[in-house]
Amino acid sequence: MSETVDQSGARAKQDIVGRDKYNTTNNYAIKTPENIVEKLLQRLNTEIEKDEKSKETVDRLKRFYSQRAYDGVVGLKAKLEKSGRDGSYIDAIEMKEMFAKLLERWSLYPSAQQIFVYLLARAERQFVDIILPQAHELKIAQINTLMSDLIVEPTVQECGASVFEVDHNTAMGMIYWLAEQCFIRWHR
């Protein structure tokens, strides 16, 4: 015998189900990712507070101090001349010196050395892998835009409000410093 139950007028404090009920709850944690530079800046602040300095330079940073020229064009002035940028030499030297002073001032701290390695390596890779292959077909203004978008702006965003106080000229000075060391060039 089949019984029919009419529940059309039923009321309950929760769901009315005839059999099993399964609930699925998805909890999404909102995670604010800290990037490499943020973590290193936190460590740097601790090193500054405790006056923890290093007497040695890490090998990965030493790499950037060794000047090398694959094409015989050595130094910033020669690279600017070879690429038709010699009109910017005075500004380039000034900005390069701004970066060199920043590097000298902070490279006594181990975390600062790691930050410089990260920034210099990223700048080198962005320049060599993305900008240089296009250099022969782009105008100077287009190359400048790429340098700003790929290197200068990210560097200022990551380090501008930190103890480094990196502004756009100092970040551009990093590019000129790398050119002086022969890690980047504007000519093919």
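Quick caveat, the model's predicted, so the values are computed rather than measured. Basis for what follows: all heavy atoms, side chains included, without hydrogens, waters or symmetry-related copies.
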- Query: With a 4.5 Å heavy-atom cut-off, do Ile175 and Ile184 have their side chains touching?
  - Reply: yes
- How many angstroms lie between CG in Asn45 and OG in Ser162, if you round to the nearest 0.5 Å? 8.0 Å
- Item | Glu56, CD atom: more than 12 neighbouring heavy atoms under 6.0 Å | no
- Item | Passing option when Thr170 is tested against Met98, Lys101, Glu165 for side chain to side chain contact (heavy atoms under 4.5 Å, CB included) | Met98
- Return the set of residues passing side-chain contact (heavy atoms from CB on, under 4.5 Å) with Asp91 (not counting sequence neighbours), or none when no residue passes. Glu94, Met95
- Message: Using every non-hydrogen atom in the two residues, find where Glu158 and Asn35 come nearest and quote the distance to one decimal.
- Response: OE2-ND2, 3.2 Å
- Task: Consider only side-chain heavy atoms of I, L, V, M, F, W and Y, link residues closer than 4.5 Å, and tell whether Val152 and Leu146 are in one cluster.
- Result: yes
- Query: Do Tyr65 and Tyr176 belong to the same hydrophobic cluster, where Ile, Leu, Val, Met, Phe, Trp and Tyr are linked whenever their side-chain heavy atoms lie under 4.5 Å apart, directly or via other members?
  - Reply: yes
- Message: What I want to find out is whether Arg63 reaches Glu124 closely enough, with some N-O distance under 4.0 Å, to be called a salt bridge.
- Response: yes
- Backbone N/O of Phe64 and side chain of Gln181: donor-acceptor pair under 3.5 Å: yes
- Query: Mind checking what makes side-chain contact (heavy atoms from CB on, under 4.5 Å) contact with Ile140, not counting sequence neighbours?
  - Reply: Arg85, Asn144
- Check whether any side-chain N or O of Gln126 sits under 3.5 Å from a backbone N or O of Ile131 as a donor-acceptor pair, and report yes or no. no
- Give a yes or no on whether the backbone of Gly75 and the side-chain of Glu180 come within a donor-acceptor separation of less than 3.5 Å. no
- Message: With a 4.5 Å cut-off on side-chain heavy atoms, are Cys159 and Val37 touching?
- Response: yes
- Query: Rounded to the nearest 0.5 Å, how far does CD of Glu97 lie from CG of Leu102?
  - Reply: 12.5 Å
- Task: Identify the two heavy atoms, one from Lys96 and one from Leu76, that lie closest to each other, and give their separation to 0.1 Å.
- Result: CD-CD2, 4.1 Å
- Would you call Glu52-Arg43 a salt bridge at under 4.0 Å N-O? no
- Rounded to the nearest 0.5 Å, what's the gap from OG on Ser83 to CZ on Arg185? Could you check? 11.0 Å
- Item | Exceeds 12 heavy-atom contacts within 6.0 angstrom, atom CZ of Arg60 | no
- Query: Could you go step by step and tell me if Val163 and Ile48 meet the side-chain contact (heavy atoms from CB on, under 4.5 Å) rule?
  - Reply: CA-CA 10 Å; Val163 293; Ile48 292 168; 4.2 Å; yes
- Counting only N and O atoms by type, is there a donor-acceptor contact under 3.5 Å from the side chain of Gln114 to the main-chain atoms of Leu61? no
- Please name the pair of heavy atoms, one in Pro154 and one in Ser148, separated by the smallest distance, quoted to 0.1 Å. CD-O, 3.9 Å
- Message: Hydrophobic clusters here meaning ILVMFWY residues chained together by side-chain heavy-atom distances under 4.5 Å, can you tell me if Ile93 and Val73 are in one?
- Response: no
- Close side-chain approach of Leu119 and Met174, heavy atoms under 4.5 Å: yes
- Does one hydrophobic cluster hold both Ile36 and Leu150, with members joined at side-chain heavy-atom distances below 4.5 Å? yes
- What are the two closest non-hydrogen atoms of Lys139 and Gln142, and how far apart are they? N-OE1, 2.7 Å
- Query: Of the non-hydrogen atoms in Thr155 and Ile151, which two are nearest, and what is the gap between them?
  - Reply: OG1-O, 2.7 Å
- Query: How about Val128 and Phe183: do any of their side-chain heavy atoms sit closer than 4.5 Å?
  - Reply: no
- Message: Please report the interatomic distance NZ(Lys77) to OH(Tyr89), rounded to the nearest 0.5 Å.
- Response: 5.5 Å
- Message: I need the Leu178 CG to Lys79 NZ distance, nearest 0.5 Å.
- Response: 11.0 Å
- Would you please classify the geometry between the Phe164 ring and the Phe116 ring as parallel, tilted or perpendicular, with 30° and 60° separating the classes? parallel
- Message: For Trp186 and Phe127, take the angle between the two ring planes, folded into 0 to 90°, and tell me which bin it lands in: parallel under 30, tilted 30 to 60, perpendicular over 60.
- Response: perpendicular
- Quick one: CE on Met172 to CE on Met147, what's the gap to the nearest 0.5 Å? 3.5 Å
- Query: Just by distance, with hydrogens left out, do Glu47 and Ser111 show a side-chain donor and acceptor under 3.5 Å apart?
  - Reply: yes
- Is there a path from Leu80 to Val74 through hydrophobic residues (I, L, V, M, F, W, Y) whose side chains come within less than 4.5 Å of each other? no
